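Worksheet: one structure, shown below.
Every number for a ligand or one of its atoms is a count from 1 in the order of the listing. Numbers here are sequence positions counted from 1. These numbers come from a predicted model, not from an experiment. Side chains included, hydrogens not; waters and symmetry mates left out as well; all remaining heavy atoms used.
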Amino acid sequence: MNDVVPTTTVHAAGVDISDLRKSYGSNEVLKGISLTVKPGEVVCLIGPSGSGKSTLLRCVNLLEQPNRGSIHVGGFEATDPDVDIDKMRRKVGMVFQQFNLFPHLNALRNCSIAQTNVLKRSQAEADKVSLHNLERVGLGHLADRFPDQLSGGQQQRVAIARALSMNPELMLFDEPTSALDPETVGDVLSVMRNLAKEGMTMLVVTHEMAFAREVADRVVFMDGGVVVEEGVAEQVIGSPAQPRTKEFLRRVL
Ligand code: ADP
Ligand code: MG
């Protein structure tokens, strides 16, 4: 068979966050976060609502401007004022709780549009890459469907395929299954599990403790803008050391 599909080889980048601080007005939301994700590693970020998890992720691809500290992503210093933000962001794929697909574009074109606009790929090349990534998330057969013809889980898988189509070296997930009907959560988690197996670097905010336990190399528990506890999943989720971690897990498990 003549294999014309692009490879799934992942070029994974690491993230190195040091003493990151972020305030909104007088409200300091991140109070000196240090966190490393090595290339190919999966880190799950857990913690109560309002603890700063989304803000942290948004700082990593500069959707928010940190006040202090440093963030290194795949050879870029995100916090350097001279950083080429567009170039750096291309290394980072982000998947949100809300999928934010374009309602007027089918699944294929949702995956293609940033490739043609940002990466300047031809439409044919972009569509080929899109189809490959839709197949990767199990949706090759639904490429011509529009978002309102897809379930929430399917839309989220399109959003993942869209992110992958930009060839990211790091994927950030912010509660990717929190808005989904329970019966569609499993398919999304299974796509993420496969991505982890392929060696993608992943930083995942999630309340899916079973997923974290199974897939994460490390789990980081945040509360009140600080990292309270981190370690291998078995330790942080299975036998947490800190009272705040115990209290949180008692509520979510
Ligand atoms: P989490 O994702 O852990 O629930 P967030 O990072 O969303 O937490 O929010 C942390 C804190 O920062 C909350 O108190 C929230 O109200 C505040 N916050 C988040 N985004 C903004 C913003 N754009 N402007 C002002 N405050 C914000
Ligand atoms: Mg959040």
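- Closer than 2.8 Å to the Mg ion (ligand 2) sit the protein N, O or S atoms S54 OG.
- Taking 4.5 Å as the limit, every side-chain heavy atom of Q156 sits out of range of all side-chain heavy atoms of T184.
- Remark: of the listed residues V215, V137, D187, V204, V204 is the sole one forming a side chain to side chain contact (heavy atoms under 4.5 Å, CB included) with M192.
- With salt bridges taken as basic N to acidic carboxylate O contacts below 4.0 Å, none links D174 and K53.
- Side-chain contact between L134 and C111 is present, with at least one heavy-atom pair separated by less than 4.5 Å.
- Panel note: side chain N27, backbone S23; no donor-acceptor pair is recorded below 3.5 Å.
- Residues T206 and I46 approach most closely at O-CG2, 3.5 Å, considering heavy atoms.
- A 4.5 Å side-chain heavy-atom check between C59 and L20 finds at least one atom pair inside the cut-off.
- Salt-bridge formation is not detected for the pair R244/E247: no Lys NZ or Arg NE/NH1/NH2 atom is positioned less than 4.0 Å from an Asp or Glu carboxylate oxygen.
- In this structure, the side chain of Q149 engages the main chain of F146 through a donor-acceptor pair within 3.5 Å.
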Starting from the N and O atoms of ligand 1, collect every protein N/O partner closer than 3.5 Å and put each pair on its own line with the distance to 0.1 Å.
| unit_1 | atom_1 | unit_2 | atom_2 | d |
| --- | --- | --- | --- | --- |
| ligand 1 | 2 (O) | S54 | N | 2.9 |
| ligand 1 | 2 (O) | S54 | OG | 2.8 |
| ligand 1 | 3 (O) | S51 | N | 3.2 |
| ligand 1 | 3 (O) | S51 | OG | 3.4 |
| ligand 1 | 3 (O) | G52 | N | 3.0 |
| ligand 1 | 3 (O) | K53 | N | 2.9 |
| ligand 1 | 3 (O) | K53 | NZ | 2.8 |
| ligand 1 | 4 (O) | G50 | N | 2.7 |
| ligand 1 | 6 (O) | T55 | N | 2.9 |
| ligand 1 | 6 (O) | T55 | OG1 | 2.5 |
| ligand 1 | 8 (O) | G52 | N | 3.2 |

